[in-house]
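What follows is a set of notes on a single structure, which appears directly below.
Only heavy atoms go into these numbers, but all of them, side chains included; no hydrogens, no water, no symmetry mates. In this chain, residues are counted from 1 in sequence order.
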Amino acid sequence: MSFILKLRRVFRSPIFIMSLLPAFGQVIYFLILPLLSRNASPEAFGQLGLFISFTAPISIFLTLKYEQAIPIIKSSKYSDLLAAHLTYLALTICLLISAFFLLYALFFKLESFYFLFMCVLGSFGLAFFQIKLQVSVRCKKYKQISIAKFIQPIFRGGGALILILYLFESEYHLLHGYLIALVISSLFLGRLRFSFDRLKFFSLCRRYVQFPKYGAPSALVDALVNYLPIILIGYAFGKSEAGLYTMVSMIGAGPIGIITNSISALFIAECSEKVRENKGVTSIFDSYLKKQLKLSIPLILCFAVLAFFAKEILGDDWEGISDILYIMMFMYALQFIASPLTRVLIVIEQQKIQFYFTLSKLVLLMLASAIGFNDFFVFISALSFLMGGWYITYILIARYLARVYSK
């Protein structure tokens, strides 16, 4: 009963209210998804998956996570200066890369120039969105942030659907929808004030060097772990199989992320309170572990029902999607259980171990690719089994460290 009361308190908190609107945006996107899947082929979704897989790591390189320092800089003048210089630097790098691709295409007939150019454009758009997001955080414009995150998935799906239905046929319309969503959502975030001072910018870079030193490698490894399977599948088996995996990730990882983010906020709040009182967090960890196990049962049932009707919902082109959903169910169920619990490492200040665990996930991913390099379903099965075992190990290690901290 106390858990329900605490959950109601979280639902009424400003943090939850501000995250509720983005969650509704994701729900609307999932309602648009069956229409998209019936008008866009698995190959087009594979193209989208490869596009996102390239843009996410490149956007990290463009800013080196320096944008995370914007909210904590004391002077608003210097935070604006950092935001302006990061935008200028990211744009300059993207223009140079685009010029290189263009020259290469002119002299060597690079057939994939447009796709590569779209990746560069998407990387800059994502980096620019993150910079403006941190500016809005500094200015405490939380309502603008929630609106931007609400409309982004809607325009990503709705914009692509309109382009597919009413414009000329193209395999890049899903990518166009992604870019349109980035542009429009960025308009709702805080306005940048452009001011330039090169010496002061370098001084700020030296002052906040911990962000590229620790934050950038961790974010890069996390991005590689999340998106490298799509690149490997696209390379080894083709765009159609990459599209199937991309769709499964949208169906599985999306709802799990929405649910676990709310539970994580409550879990971190309770653990942090215990830490401030110099008390142990093991009892809270065990309590949440039991609750996550119970909640995973209806999640697995919903996943099984969704997998059974997946082809009827998405369309006839999505042959084999049900089999992949059944295979990945094991991994997603354990991900749902583990995601909130492993945040205890942040509370007890064991981020280094968290980084090493993320790095080990990358090793397991390469092992799965080696096992199933010649067969798509063998690769998916190995990935689900190895990652499921990784989540179980992560839970056990996190509980052990929580118990050690309690002593």
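Atom OH of Tyr227 has 12 or fewer neighbouring heavy atoms from other residues, nucleotides or ligands inside a 6.0 Å radius. Within 6.0 Å of the CZ atom in Phe330, the count of heavy atoms belonging to other residues, nucleotides or ligands exceeds 12. For CZ of Phe117, the number of neighbouring non-hydrogen atoms (other residues, nucleotides, ligands) closer than 6.0 Å is 12 at most. More than 12 heavy atoms of other residues, nucleotides or ligands lie within 6.0 Å of CZ in Phe357, so this atom counts as buried by the packing criterion. Within 6.0 Å of CZ on Phe377 lie more than 12 heavy atoms contributed by other residues, nucleotides or ligands.
Counting heavy atoms from C-beta on, the side chains of Thr55 and Leu182 never come closer than 4.5 Å. In this structure, the side chains of Leu82 and Phe201 come closer than 4.5 Å at one or more pairs of heavy atoms. Residues Ile28 and Phe150 form a side-chain contact, since some pair of their non-hydrogen atoms from C-beta on lies under 4.5 Å apart.
Side-chain atoms of Ser339 do not come within 3.5 Å of backbone N or O of Phe336 as any donor-acceptor pair. Checking side-chain atoms of Trp390 against main-chain N and O of Leu364 turns up no donor-acceptor pair under 3.5 Å. A distance-only check finds a donor-acceptor pair linking the side chain of Ser384 to the backbone of Ile327 [under 3.5 Å]. A donor-acceptor pair under 3.5 Å is formed between the side chain of Tyr66 and the backbone N or O of Cys205. With hydrogens and angles ignored, the 3.5 Å screen pairs a side-chain donor or acceptor of Arg138 with a backbone N or O of Ile73. In terms of modelled atom types and a separation under 3.5 Å, the side chain of Arg38 and the main chain of Asp317 share no donor-acceptor contact. Remark: side-chain polar atoms of Lys132 are paired, donor with acceptor, to backbone N or O of Ser186 under 3.5 angstrom. Judged purely by atom type and a 3.5 angstrom limit, Ser322 uses its side chain to pair as donor or acceptor with the backbone of Ala307. Of the possible donor and acceptor atoms, none in the side chain of Ser287 sits under 3.5 Å from a partner among the backbone N and O of Ser283.
Note on ring orientation: taking the six-membered ring where Trp is involved, the planes of Phe303 and Tyr332 are tilted (angle from 30° to 60°).
Remark: Leu96 CG to Ser98 OG distance equals 8.5 Å, nearest 0.5 Å. The distance from the CD atom of Glu67 to the CZ atom of Phe128 is 12.5 Å, given to the nearest 0.5 Å. In this structure, CG in Leu95 is found 15.5 Å from CZ in Phe100, a value given to the nearest 0.5 Å. With rounding to the nearest 0.5 angstrom, the OG atom of Ser360 is 11.5 Å from the CG atom of Leu365. Interatomic distance, CG of Leu36 versus CG of Leu31, reported as 11.5 Å (0.5 Å rounding). The CG atom of Leu341 lies 4.5 Å from the CZ atom of Phe285; values are rounded to the nearest 0.5 Å.
Between the side chains of Lys361 and Tyr391, a donor-acceptor pair is found at a separation under 3.5 Å.
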